[in-house]
Amino acid sequence: MPESVHPDTDSLAGRVALVTGGAKRIGRAVALRLAGEGADVVIHYNRSKSEAEDAAAEIAKLGRKGVVLQADLCSVEEIKRLFQQTADRFGRLDILVNSAANFLPARLDDATEKIWDTVLDTNLKAPFFCAQAAAPLLKKSGGVIINFADIGGILPWTGYIPHCASKAA
């Protein structure tokens, strides 16, 4: 359970965060930390429903609301639905964390169009369209967008060409 940086105050009390890929790994840790700081959190997942529900249960133990919403971020229509559902549930959004990503191995000689499209749709297209969908809500609240990247965008790995291209972009 994450501890608050300010144990006597909830620095994010009354705020709402949406964390893409919030069911697992870094996204889950960020979602729990935001809840530990006082935010209510939308935990986005694509296929990790049970992990998302577990994260929501942990958030509830922190005394915050954790809402689990599914969307395939490779679809702009599903992205729009995700943010509409967030607005319907909370009426606001203060923090968007673009954490969802994939890490599919593919070298120059064996990368397929399907792998290329899947990697770039998830790691590049989705954060852009999530930001676009979140912008009206974030403008109202004076909110922020946090995007995660990794070193592969600067120091590419030969076994992950599409991934590194998506992170460099």
Novice: Tell me the closest heavy-atom pair linking C164 and G152, and the distance in Å.
Specialist: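 So the minimum-distance heavy-atom pair works out to CB-O, 3.2 Å.
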Novice: Output every pair passing ring-ring contact (aromatic ring centres under 6.0 Å, His included) with a member in residues 19-41, not counting sequence neighbours, ordered by first then second residue.
Specialist: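 Residue pairs with at least one partner in residues 19-41: there are none.
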Novice: Can you tell me which residue pairs pass the salt bridge (Lys or Arg N to Asp or Glu O under 4.0 Å) test with a partner in residues 69-83, sequence neighbours excluded?
Specialist: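 Salt bridge (Lys or Arg N to Asp or Glu O under 4.0 Å) check on residues 69-83 returns E77-K80, E78-R81.
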Novice: Pair up each side-chain donor or acceptor in residues 41-52 with any protein partner under 3.5 Å, not counting sequence neighbours, and list the distances.
Specialist:
{"unit_1": "H44", "atom_1": "ND1", "unit_2": "G21", "atom_2": "N", "d": "3.0"}
{"unit_1": "H44", "atom_1": "NE2", "unit_2": "A71", "atom_2": "O", "d": "2.8"}
{"unit_1": "N46", "atom_1": "OD1", "unit_2": "Q70", "atom_2": "NE2", "d": "3.1"}

Novice: Say whether D150 and H163, considering side chains only, have a donor N or O and an acceptor N or O under 3.5 Å apart.
Specialist: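 Looking only at side-chain atoms, H163 and D150 do form a donor-acceptor pair, the distance falling under 3.5 Å.
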Novice: Please lay out, stage by stage, how I59 and K65 fare under the test side chain to side chain contact (heavy atoms under 4.5 Å, CB included).
Specialist: CA-CA 7 Å; I59 288 170; K65 293 178 189 167; 5.9 Å; no
Novice: Might you point out which heavy atoms bring A126 and L73 nearest each other, and give the distance in Å?
Specialist: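 So the minimum-distance heavy-atom pair works out to CB-O, 3.4 Å.
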Novice: I'd like to check the side chain to side chain contact (heavy atoms under 4.5 Å, CB included) partners of I151; sequence neighbours left out, ordered by chain and number.
Specialist: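 Result, side chain to side chain contact (heavy atoms under 4.5 Å, CB included) vs I151: I154, L155, W157.
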Novice: Suppose we screen for salt bridge (Lys or Arg N to Asp or Glu O under 4.0 Å). Which residues come up paired with R89, at least two apart in sequence or across chains?
Specialist: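 Result, salt bridge (Lys or Arg N to Asp or Glu O under 4.0 Å) vs R89: none returned.
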Novice: With sequence neighbours left out, what residues match D54 under salt bridge (Lys or Arg N to Asp or Glu O under 4.0 Å)?
Specialist: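 By the salt bridge (Lys or Arg N to Asp or Glu O under 4.0 Å) rule, D54 matches no residue at all.
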Novice: A side-chain contact here means heavy atoms from C-beta on lying under 4.5 Å apart; do T118 and N102 qualify?
Specialist: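 T118 reaches N102 side chain to side chain.
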Novice: Roughly how far apart are W116 CH2 and S166 OG, rounded to 0.5 Å?
Specialist: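 W116 atom CH2 to S166 atom OG measures 8.0 Å (nearest 0.5 Å).
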Novice: Does Y160 have any ring-ring contact (aromatic ring centres under 6.0 Å, His included) partners at least two apart in sequence or in another chain, and if so, which?
Specialist: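 Testing Y160 for ring-ring contact (aromatic ring centres under 6.0 Å, His included), a comparison that skips the adjacent residues, returns F103.
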Novice: Would you call D94 and R92 a side-chain contact if the rule is heavy atoms closer than 4.5 Å?
Specialist: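 Heavy-atom side-chain distance check passes, below 4.5 Å.
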Novice: Does the side chain of T86 come within less than 4.5 Å of V67's, by heavy atoms?
Specialist: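 With C-beta onward as the side chain, the pair stays apart.
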Novice: Looking at residues at least two apart in the chain, or sitting in another chain, which of them share a side chain to side chain donor-acceptor pair (under 3.5 Å) with D121?
Specialist: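 With neighbours one apart ignored, the set is empty.
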Novice: Who pairs with R15 by salt bridge (Lys or Arg N to Asp or Glu O under 4.0 Å), at least two apart in sequence or on another chain?
Specialist: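 In terms of salt bridge (Lys or Arg N to Asp or Glu O under 4.0 Å), with neighbours along the sequence ignored, R15 is linked to no residue.
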Novice: Got a sec, which residues hit side chain to side chain donor-acceptor pair (under 3.5 Å) with D117, two or more places apart in sequence or on another chain?
Specialist: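 Here no residue qualifies.
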Novice: Going through the distances and angles, do L138 and I145 end up as a side chain to side chain contact (heavy atoms under 4.5 Å, CB included)?
Specialist: CA-CA 8 Å; L138 294 172; I145 298 171; 3.4 Å; yes
Novice: Spell out, as yes or no, whether a donor-acceptor pair under 3.5 Å connects the side chain of N98 to the backbone of N147.
Specialist: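 Judged by distance alone, no pair lies under 3.5 Å.
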Novice: Only pairs at least two apart or in different chains count here, so list each side-chain hydrogen bond (donor to acceptor under 3.5 Å, both in side chains) that has a residue in residues 105-114.
Specialist: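 side-chain hydrogen bond (donor to acceptor under 3.5 Å, both in side chains) check on residues 105-114 returns R107-T158.
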Novice: Give a yes or no on whether the backbone of S99 and the side-chain of T20 come within a donor-acceptor separation of less than 3.5 Å.
Specialist: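 Yes, because the side chain of T20 sits within donor-acceptor range (under 3.5 Å) of the backbone of S99.
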Novice: Taking atom CG of L32 and atom NZ of K61, what is their separation to the nearest 0.5 Å?
Specialist: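 Reported to 0.5 Å precision, the distance equals 10.5 Å.
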Novice: Please examine the side chains of I161 and P156, heavy atoms only from C-beta on, and report whether any two atoms are closer than 4.5 Å.
Specialist: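 Not in contact.
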Novice: Taking atom CD1 of I95 and atom CG of D40, what is their separation to the nearest 0.5 Å?
Specialist: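 These two atoms lie 10.5 Å from each other.
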Novice: Name all pairs fulfilling the ring-ring contact (aromatic ring centres under 6.0 Å, His included) condition that reach into residues 117-150, sequence neighbours left out, sorted by first residue then second.
Specialist: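 Sorted result for residues 117-150: empty, none.
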Novice: Working to the nearest 0.5 Å, report the span between CG of L93 and NZ of K139.
Specialist: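 If we round to the nearest 0.5 Å, L93:CG and K139:NZ are 13.5 Å apart.
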Novice: Below 4.5 Å, heavy atoms only, C-beta onward: do L34 and V19 meet side chain to side chain?
Specialist: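 Touching, per the 4.5 Å side-chain cut-off.
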Novice: Counting only N and O atoms by type, is there a donor-acceptor contact under 3.5 Å from the side chain of R28 to the main-chain atoms of G22?
Specialist: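 The answer is no, because no donor-acceptor pair under 3.5 Å joins these two groups.
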